[in-house]
Asks: 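Quick one: this structure, given as structure tokens, is what I'll be asking you about.
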Amino acid sequence: MLSVKENEPVVFTDEMLGKFAEIVARYPEGRQKSALLPILHEVQAQYGWLSVPAMDSVAAYLELEPIEVYEVATFYTMFFLKPQGKFVLEVCRTGPCCLVGAERIMKHIETRLGVKEGEVTPDGLFSWRGVECLAACGYGPVLQIGPEYTFYENLTAESIDKLIEDLKDKAAAGSR
Amino acid sequence: MARKLLLTHIDVPGIQTFEVYRQKGGYRAVEKALKTLTPDDVVEEVKKSGLRGRGGAGFPTGMKWSFLAKPEGVPRYLVCNADESEPGTFKDRFLMTHIPHALIEGMIVSSYALGANTSYIYVRGEMMPQIRILERAIAEAKNAGFLGKNILGSGYDLELYVQPGGGAYICGEETALLESLEGKRGNPRIKPPFPAVSGLYNCPTVVNNVESIAATVPIINDGGEEYAKIGIERSTGTKLISAGGNINKPGVYEIELGLPVEEFIYSDEYCGGIAGGKRLKAVVAGGSSVPILPANLILKTLKGDSRLMTYESLADGGFQSGTMLGSGGFIVFDEDQCIVRNTWNFTRFYHHESCGQCSPCREGTGWMEKVLHKIEHGHGAFSDIDLLVDVSKKIEGNTICPLGDAAAWPVASAIRHFRDEFEWHVTHGQEAQTRNYGLAHYADPLEPVA
């Protein structure tokens with residue numbers, strides 16, 4: 001994952017620009033604004049969140065006013081407008097998952113990570129939040145982790161502990 | 001065994017791939033449609049099938065198609081609504097994960113019927129794995145000549161693209177979905193004009209749910225009349241039901257419409273009964289937006305008839321004693337669940353997901369959430385219960401899109417059927433923090449409550 005700071009200008013790599021061009025080609029001439037959500041997903045996958053300079057660069061690329069990008073990025077809950085942990089655990093908090101214990105799972109994650117919802121652990125590895133229905137109600141409680149949005153189903157306290165350890169190992173292996 | 005049309009080959013290893021799907025008879029509907037039927041013939045078959053929109057509204061699909069305007073020289077679009085976000089519903093995820101080609105094949109047949117040369121599948125952004133699966137399936141189908149220019153030598157061209165959403169329930173509303181596909185906030189549009197006249201990029205557009213589009217495959221293969229033989233009255237064919245909550249076997253089941261609700265809940269072929277040997281308290285039968293019913297009213301209508309899994313039977317009694325089939329998101333509550341807490345949870349969901357355009361919804365859902373939070377946490381008054389009913393009535397019918405209704409109905413129905421539980425939360429505020437109200441009069445099997 002590339003890193004980006006609050007006011008750092010953002011220049012997209014050639015690889016990213018290639019992906020953007022592929023996306024824009026899906027829509028009729030002059031309708032490149034349709035590429036906004038897919039491109040914001042790509043940018044977030046690269047940097048972990050959407051900084052203002054990153055959104056400005058997207059606006060310039062798509063020939064939009066910056067406000068057109070901001071208003072979209074603030075509307076859709078999947079987009080992060082401030083830096084997150086390397087792994088963001090997004091736990092479904094809606095009715096069907098609560099019937100099978102989602103509230104206990106969120107409590108457990110909070111205790112285990114030692115940070116409140118929306119905060120980042122001191123090592124920068126984790127943050128977590130409750131999200132609304134993830135359309136996996138038969139496999140609850142569930143959580144997802146971007147940018148691949150891998151799903152973890154039928155969660156228990158034990159499976160959460162194991163997941164957190166596995167992710168720590170993964171991060172350690174990645175930084176070696 | 002019940003007949004299956006969509007999930008027939010669900011257990012075949014490798015059915016996700018083009019090769020295996022094709023071996024099992026896949027893409028025959030495309031061959032039949034493009035080689036032997038005109039677009040209007042396809043529309044006619046879908047009309048004959050009686051297929052009704054599987055996303056929740058239940059509007060006849062063939063009729064929706066026939067409304068599509070066809071001005072000369074203007075492109076037409078088919079957009080698949082795969083924004084599945086209605087709490088309790090996870091059937092489209094299941095279909096796209098396990099049999100993606102059923103959706104791709106349906107998209108080709110349906111696009112041909114509508115004369116669309118570019119079609120989009122709008123998938124909720126959280127389903128990134130499913131987006132990758134669909135993109136792979138599209139590439140396979142294109143490679144085999146079922147997409148692209150001059151498909152099967154018919155002269156018909158079609159390009160198919162997958163579009164990710166951004167995590168907004170409202171984008172399941174078709175005009176909000178179109179706004180989102182145009183790269184904007186998901187604010188529903190004022191209708192008319194309907195998308196059939198002015199939809200994506202102001203062009204005539206049809207928006208259909210994943211399951212509706214997949215259902216066109218068996219309809220074309222076997223004919224609309226064969227499809228219409230399954231089911232009861234105006235509820236024809238099969239339906240995917242996603243069952244969750246406190247049951248032994250949560251999952252996605254394809255049922256023939258007309259199956260008794262009691263059989264669906266208790267039979268080992270489906271939900272397998274209530275988990276942990278507990279008793280049934282309540283069911284939300286069609287996704288969180290539809291009225292919740294207590295056990296006695298979900299199993300039998302007020303008239304005492306066995307309640308069936310059909311659009312008509314579930315709606316029997318109107319909102320006084322009935323509910324809706326909706327999206328088929330079937331949520332089961334056991335005796336230990338708290339109706340007040342669940343209603344608060346659902347209302348928080350609608351408040352969170354309101355797009356904010358219409359003040360009755362934006363403000364009303366927030367007020368309902370606050371009042372329900374107060375009651376659930378032991379600080380409620382009797383007047384709060386009436387206040388909730390009042391606010392819900394002022395939201396219902398007063399908004400651009402149905403999200404307002406969808407937020408109002410769960411609250412109104414919970415109070416209608418479980419008022420004593422709300423009152424108990426008021427009179428026993430402290431006790432309600434430590435134990436649940438339990439079953440009271442909702443237990444099965446009991447006589448209906450008048």
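As the structure is a computational prediction, the values presented were derived from the model and not from experiment. To find a chain, count down the sequence lines: A is the first, B the second, and so on, and within it residues start at 1.
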Asks: Between chain A and each of B:Gly356, B:Ser85, B:Pro164, count heavy-atom pairs under 4.5 Å; write down the option with the most.
Replies: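 Maximum pair count with chain A is reached by B:Pro164.
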Asks: Between B:Gly166 and A:Tyr76, what is the shortest heavy-atom contact and its length?
Replies: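 Nearest heavy atoms, B:Gly166 then A:Tyr76: O-CB, 3.2 Å.
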Asks: Among B:Glu86, B:Arg124, B:Glu159, which has the most heavy-atom pairs under 4.5 Å with chain A?
Replies: B:Arg124
Asks: Side chain, backbone, both or neither: which part of A:Glu148 has an atom under 4.5 Å from a heavy atom of chain B?
Replies: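 Contact with chain B is through the backbone of A:Glu148 alone.
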Asks: Indicate the atoms forming the closest heavy-atom contact of B:Tyr161 with A:Ala25, along with that distance.
Replies: OH-O, 4.2 Å
Asks: Checking heavy atoms, do the side chain of B:Phe330, its backbone, both or neither come under 4.5 Å from chain A?
Replies: neither
Asks: Check whether B:Ser180 gets within reach of chain A through its side chain, its backbone, both or neither, counting any heavy atom under 4.5 Å.
Replies: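 The answer is both parts of B:Ser180.
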Asks: Drop me the distance from B:Tyr169's OH to A:Thr94's OG1, to the nearest 0.5 angstrom.
Replies: 10.5 Å
Asks: Flag the pair A:Arg26 / B:Thr118 as yes when at least one side-chain heavy-atom distance between them is below 4.5 Å, and no otherwise.
Replies: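 Not in contact.
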Asks: What option among B:Arg185, B:Met128, B:Lys184 has the most heavy-atom pairs under 4.5 Å with chain A?
Replies: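 Looking at each option in turn, the highest pair count goes to B:Arg185.
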Asks: For B:Glu84, is it the side chain, the backbone, both or neither that has a heavy atom under 4.5 Å from a heavy atom of chain A?
Replies: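 Both backbone and side chain.
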Asks: Identify the two heavy atoms, one from A:Pro38 and one from B:Gln163, that lie closest to each other, and give their separation to 0.1 Å.
Replies: CD-NE2, 3.6 Å
Asks: Search all heavy atoms of B:Gly88 against all heavy atoms of A:Cys137 and return the closest pair with its distance.
Replies: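 Taking every non-hydrogen atom into account, N-SG, 3.1 Å.
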Asks: Among A:Pro96, A:Ala73, A:Cys92, which has the most heavy-atom pairs under 4.5 Å with chain B?
Replies: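 Maximum pair count with chain B is reached by A:Pro96.
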Asks: Go through the atoms of B:Cys171 and report whether side chain, backbone, both or neither lie under 4.5 Å from a heavy atom of chain A.
Replies: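 Answer is side chain: those atoms of B:Cys171 sit under 4.5 Å from chain A.
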Asks: CD of B:Glu182 to CG of A:Leu37: how many Å apart, nearest 0.5 Å?
Replies: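 The CG atom of A:Leu37 is 12.0 Å from CD of B:Glu182, to the nearest 0.5 Å.
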Asks: Kindly determine whether A:Ser34 and B:Tyr201 satisfy side chain to side chain contact (heavy atoms under 4.5 Å, CB included), including the steps that lead there.
Replies: CA-CA 10 Å; A:Ser34 281; B:Tyr201 310 132; 2.7 Å; yes
Asks: If I measure from the heavy atoms of chain A, does B:Tyr350 come under 4.5 Å with its side chain, its backbone, both, or neither?
Replies: neither
Asks: Give the table of side-chain donor-acceptor pairs shorter than 3.5 Å for residues 97-105 of chain A, with sequence neighbours excluded, one pair per line with atom names and distance.
Replies:
residue	atom	partner	partner atom	Å
A:Glu103	OE2	B:Arg341	NE	3.1
A:Glu103	OE2	B:Arg341	NH2	2.8

Asks: With a 4.5 Å cut-off on side-chain heavy atoms, are A:Arg93 and B:Arg348 touching?
Replies: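 Yes. Closest side-chain heavy atoms under 4.5 Å.
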Asks: Which atom pair, heavy atoms only, marks the closest approach of B:Gly125 to A:Tyr149?
Replies: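 Heavy atoms only, the tightest pair is O-CD1, 4.4 Å.
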Asks: Out of A:Phe79, A:Tyr139, A:Tyr27, which one racks up the most heavy-atom pairs below 4.5 Å with chain B?
Replies: A:Tyr27
Asks: Based on non-hydrogen pairs under 4.5 Å, which of B:Ala243, B:Gly245, B:Gly186, B:Ser242 is most in contact with chain A?
Replies: B:Gly186
Asks: What parts of residues 118-136 of chain A touch chain B if we use heavy atoms and a cut-off under 4.5 Å?
Replies: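 Within residues 118-136 of chain A, the residues that come under 4.5 Å of chain B (heavy atoms only) are A:Glu132, A:Cys133, A:Leu134, A:Ala135, A:Ala136.
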Asks: To the nearest 0.5 Å, tell me how far A:Leu36 CG sits from B:Leu181 CG.
Replies: 12.0 Å
Asks: For the candidates B:Gly244, B:Ser288, B:Gly165, B:Ala168, which exhibits the highest count of non-hydrogen atom pairs separated by less than 4.5 Å from chain A?
Replies: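 Heavy-atom pairs under 4.5 Å are most numerous for B:Gly165.
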Asks: Counting only heavy atoms closer than 4.5 Å, note whether B:Ile170 contacts chain A via side chain, backbone, both or neither.
Replies: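 Answer is side chain: those atoms of B:Ile170 sit under 4.5 Å from chain A.
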Asks: So which of B:Val332, B:Asn246, B:Asp334, B:Asn342 has the biggest tally of heavy-atom pairs under 4.5 Å with chain A?
Replies: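 The candidate making the most pairs under 4.5 Å is B:Asn246.
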Asks: Which atom names give the shortest non-hydrogen contact between A:Phe151 and B:Arg93, and what distance separates them?
Replies: CZ-NH2, 3.1 Å
